[in-house]
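Reading through the structure tokens given below for one structure.
In this chain, residues are counted from 1 in sequence order.
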Amino acid sequence: MADHTQAAAPATLDKTTGPELASLALDAALHSASATAPEVEDAAQQGDTCAPVLHAAAMVDALIELVLDAPCHPDTRLVVSHNDLAFSAFTDSDGGYTAFIPALSADAKIDVFLSDDIFLQSSVEIPDAEDHQRVALQWDGTARFALHAYHNGAAYGENGHIHAQKPFDPNLDDSFLISLGELRGPEPMIAEIYSVPTARAGQSRVEVELHYTEHHCGQDFSAFLSDNSQVQNIHMKEISIAAPECPAEAGMVVMPLDFASRHAFRLQILSEMLGAMQE
């Protein structure tokens, strides 16, 4: 690990009534002068429109467009899970939520836990998932982690260095970093996913940064890493980074990842398998 004195704060990302019910309401209106029938119909309609709906669709660059429509759950906390990746967010004032999630598998399944008692699930096929190599970092909101990637030997702050504040490299198409999750609410869960075309993964250097203040000195912070390499059938692992012992000024600690070597090995295996199939 190496210490850097410069710190960069991570960015925040950031109906119908059925014919049977209608018939009942009409029958009640014809046979009763009371006002109870319209109230029953309105309640039934509200029950139908309150049901949350979740959609997942495949997008370019092996992204999943996730759309949640929960009109009776405005400003409500939710947790999104895909493979081993998880993050928390909130619906907007209309009960809607949209996110673009880098797929970590071709058979992508998305789970959404809304409030405390609603579970939704959707799945979608991502045909180009194998064309993109990804590493995901997730942590709780009490720590200040960040994922950084460097292309073609770029140094910190140079062109080719991408992170939450600068998520694209104009010199390397289809490479990007996406930040997910919100810090507000109880037990916030944050995630960042770095994506690069498979053919260019060997040119990438990836690091995890822990930003700390003088109040964090002497503390250990944990995060979780997952990727789509499946080289060693390891989908998630816990990492721990310690802030310097007290007293210490604000700064950051850097942990390099073996992203390039793992994906280079994966490319070699895929190449050998392809060659064997062609023989």
Report task. With ring pair (Phe, Tyr, Trp, His ring centres under 6.0 Å) as the test, would you mind laying out the steps for H216 and F221 before giving the verdict? Result -> CA-CA 9 Å; H216 298 139; F221 296 91; 5.4 Å; yes

Query raised in the report: Measuring from L137:CG to I193:CD1, what's the distance to the nearest 0.5 Å?
Result: 9.0 Å

Query raised in the report: Taking the six-membered ring of F90 as reference, does the NZ or CZ atom of R184 fall below 6.0 Å from its centre and within a 45° cone about the axis?
Result: yes

Query raised in the report: Does H82 reach the side chain of I64, with side-chain heavy atoms less than 4.5 Å apart?
Result: yes

Query - Pairing residues for K109 by the salt bridge (Lys or Arg N to Asp or Glu O under 4.0 Å) criterion, not counting sequence neighbours - result: D107

Query - Heavy-atom side-chain proximity of E192 to F145 below 4.5 angstrom - result: no

Query raised in the report: Taking it one step at a time, do S204 and Y194 satisfy side chain to side chain donor-acceptor pair (under 3.5 Å)?
Result: CA-CA 10 Å; S204 300; Y194 166 64; 2.8 Å; yes

**Report entry** Test side chain to side chain contact (heavy atoms under 4.5 Å, CB included) applied to V206 and L147, step by step
**Finding:** CA-CA 7 Å; V206 183; L147 199 58; 4.0 Å; yes

Query raised in the report: Would a distance-only check, ignoring hydrogens and angles, find a side-chain to backbone donor-acceptor pair under 3.5 Å from T198 to D131?
Result: yes

Requested in this report: Under the ring-ring contact (aromatic ring centres under 6.0 Å, His included) rule, collect the residues that match up with F87, sequence neighbours excluded.
Outcome: none

Query raised in the report: Is there a donor-acceptor pair under 3.5 Å between the side chain of R205 and the backbone N or O of A154?
Result: yes

Requested in this report: Would you check if the side chain of R77 reaches a backbone N or O of G185 as a donor-acceptor pair within less than 3.5 Å?
Outcome: no

**Report entry** Pairwise side-chain contact, Q138 with I190, heavy-atom cut-off 4.5 Å (strictly under)
**Finding:** no

Query - D128 side-chain N/O to A62 backbone N/O, donor-acceptor pair under 3.5 Å - result: yes

Query raised in the report: Does H73 have any ring-ring contact (aromatic ring centres under 6.0 Å, His included) partners at least two apart in sequence or in another chain, and if so, which?
Result: none

Requested in this report: Say whether, by atom type as modelled, one donor and one acceptor occur between the side chain of S81 and the main chain of A86 under 3.5 angstrom.
Outcome: no

Report task. Mark yes or no for whether Q219, through its side chain, and H215, through its backbone, hold a donor-acceptor pair below 3.5 Å. Result -> yes

Query - Distance-only side-chain donor-acceptor flag, E209 / H148, under 3.5 Å - result: yes

